[in-house]
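Encoded as structure tokens, the structure appears first; notes follow it.
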Amino acid sequence: QVQLVESGGGLVQPGGSLRLSCAPSGSIFRINHVGWYRQAPGKEREVVASITSGSFTSYKDSVKGRFTISRDNAHNTVYLQMNSLKPEDTAVYYCYAVLSGSGQTFSDWGRGTQVTVSS
């Protein structure tokens with residue numbers, strides 16, 4: 001299968017910002033509906049934000065006004081801009097995407113990128 005790759009994680013201070021990216025490793029398959037999920041140690045994985053192929057978006061209540069999901073179709077990439085980060089945002093963030101191409105459609109998870117918010 002095509003590999004989904006997340007990038008942009010790191011260590012930031014409370015109130016800081018990060019931008020995460022999600023893109024397939026190849027150029028044959030197009031990225032369609034995308035969801036950003038996160039999982040903190042000892043917690044269940046939860047959806048944070050999602051975007052459709054038509055750029056309709058939805059967000060978890062606790063990140064509304066702070067996070068923005070967007071897509072750049074020319075570069076076949078989806079982003080998660082995270083502002084005003086809080087310690088409770090600390091988690092591994094995963095991209096889950098619907099991909100299509102060559103008469104195929106399937107879903108795939110990325111391997112995750114660590115986001116740590118700490119003083």
Side-chain angles (χ1 to χ4, degrees):
Q1 289 187 333
V2 174
Q3 181 182 5
L4 275 177
V5 180
E6 303 104 333
S7 62
L11 173 64
V12 297
Q13 301 293 315
S17 298
L18 287 172
R19 189 178 74 163
L20 307 183
S21 300
C22 173
S25 59
S27 61
I28 294 177
F29 291 92
R30 304 301 299 176
I31 194 167
N32 303 127
H33 184 102
V34 174
W36 280 102
Y37 294 73
R38 68 186 182 189
Q39 186 167 23
K43 302 292 181 63
E44 295 183 347
R45 188 172 298 185
E46 62 181 0
V47 63
V48 176
S50 65
I51 187 167
T52 69
S53 59
S55 296
F56 292 98
T57 60
S58 61
Y59 298 91
K60 177 179 173 63
D61 285 344
S62 63
V63 308
K64 288 180 179 178
R66 299 189 298 120
F67 291 10
T68 302
I69 188 170
S70 63
R71 65 192 304 142
D72 182 349
N73 290 331
H75 294 89
N76 204 27
T77 303
V78 170
Y79 302 97
L80 184 67
Q81 178 67 46
M82 304 185 294
N83 299 324
S84 302
L85 283 162
K86 304 174 180 179
E88 51 263 44
D89 295 318
T90 296
V92 177
Y93 283 70
Y94 298 90
C95 179
Y96 182 67
V98 176
L99 302 164
S100 62
S102 301
Q104 304 175 54
T105 300
F106 59 93
S107 300
D108 193 22
W109 288 94
R111 297 178 66 181
T113 184
Q114 177 71 49
V115 171
T116 302
V117 186
S118 177
S119 299

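Quick caveat: nothing in here was measured; it's all calculated off a predicted structure.
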(message) Quick check: closest heavy atoms across Trp36 and Cys22, and the distance to 0.1 Å?
(response) CZ2-CB, 3.6 Å

(message) Test of understanding: with side chain to side chain donor-acceptor pair (under 3.5 Å), list the residues that count as partners of Ser100, not counting sequence neighbours.
(response) Asn32

(message) Using only atom types and a distance under 3.5 Å, with no angle test, would you say the side chain of Asp108 pairs donor to acceptor with the backbone of Tyr96?
(response) no

(request) Could you note down all residue pairs passing salt bridge (Lys or Arg N to Asp or Glu O under 4.0 Å) where residues 89-100 supplies at least one of them, sequence neighbours left out? (result) Arg38-Asp89, Arg66-Asp89

(message) Is any side-chain heavy atom of Ile69 closer than 4.5 Å to one of Tyr79?
(response) no

(message) Quick check against the 3.5 Å criterion: does Arg45 have a side-chain atom that pairs as donor or acceptor with the backbone of Tyr94?
(response) no

(request) Any salt bridge (Lys or Arg N to Asp or Glu O under 4.0 Å) involving residues 70-79? Give me the pairs, sequence neighbours left out, ordered by first then second residue. (result) none

(request) Give every residue pair that meets the disulfide (SG to SG under 2.5 Å) criterion with at least one member in residues 28-76, sequence neighbours excluded. (result) none

(message) Under the ring pair (Phe, Tyr, Trp, His ring centres under 6.0 Å) definition, can you give me all pairs with a residue in residues 44-78, not counting sequence neighbours?
(response) none

(message) Distance check, rounded to the nearest 0.5 Å: Ile51 atom CD1 versus Thr68 atom OG1?
(response) 10.0 Å

(message) List the residues meeting side chain to side chain donor-acceptor pair (under 3.5 Å) with Lys86, not counting sequence neighbours, and say none if there are none.
(response) none

Distance-only donor-acceptor hits, side chain of residues 4-19, under 3.5 Å, sequence neighbours excluded:
| from | atom 1 | to | atom 2 | distance (Å) |
| --- | --- | --- | --- | --- |
| Glu6 | OE1 | Arg111 | N | 3.0 |
| Glu6 | OE1 | Gly112 | N | 2.8 |
| Glu6 | OE2 | Cys95 | N | 2.7 |
| Glu6 | OE2 | Gly112 | N | 3.3 |
| Gln13 | NE2 | Ser118 | O | 3.4 |
| Ser17 | OG | Asn83 | OD1 | 2.9 |

(message) To the closest 0.5 Å, what do you measure between CG (Leu80) and OG (Ser21)?
(response) 9.5 Å

(request) Report the residues that fulfil side chain to side chain donor-acceptor pair (under 3.5 Å) with Thr90, sequence neighbours left out, ordered by chain and then residue number. (result) none

(request) Report the distance from atom OG of Ser53 to atom CZ of Arg30, rounding to the nearest 0.5 Å. (result) 11.5 Å

(message) Which heavy atom of Leu99 sits nearest to which heavy atom of Ile31, and what is that distance?
(response) CD2-CA, 3.7 Å

(message) Taking transitive links into account, so neighbours of neighbours count too, which hydrophobic residues share a cluster with Val98 at under 4.5 Å side-chain distance?
(response) none

(message) Please enumerate all residues that pass side chain to side chain donor-acceptor pair (under 3.5 Å) together with Thr52, with sequence neighbours excluded.
(response) none

(request) Determine whether Val34 and Ser50 make a side-chain contact, defined as any pair of heavy atoms from C-beta on separated by less than 4.5 Å. (result) no

(request) Go through the steps for Leu20 and Met82 under the test side chain to side chain contact (heavy atoms under 4.5 Å, CB included), then give the verdict. (result) CA-CA 8 Å; Leu20 307 183; Met82 304 185 294; 3.7 Å; yes

(message) With a 4.5 Å cut-off on side-chain heavy atoms, are Glu46 and Gln39 touching?
(response) no

(request) Quick one: list whatever passes ring pair (Phe, Tyr, Trp, His ring centres under 6.0 Å) with Tyr37, sequence neighbours left out. (result) Trp109

(message) Could you check whether any side-chain heavy atom of Val92 comes within less than 4.5 Å of a side-chain heavy atom of Thr113, counting everything from C-beta outward?
(response) no

(message) When you compare the side chain of Gln81 with that of Ser70, does any pair of heavy atoms fall below 4.5 Å?
(response) no

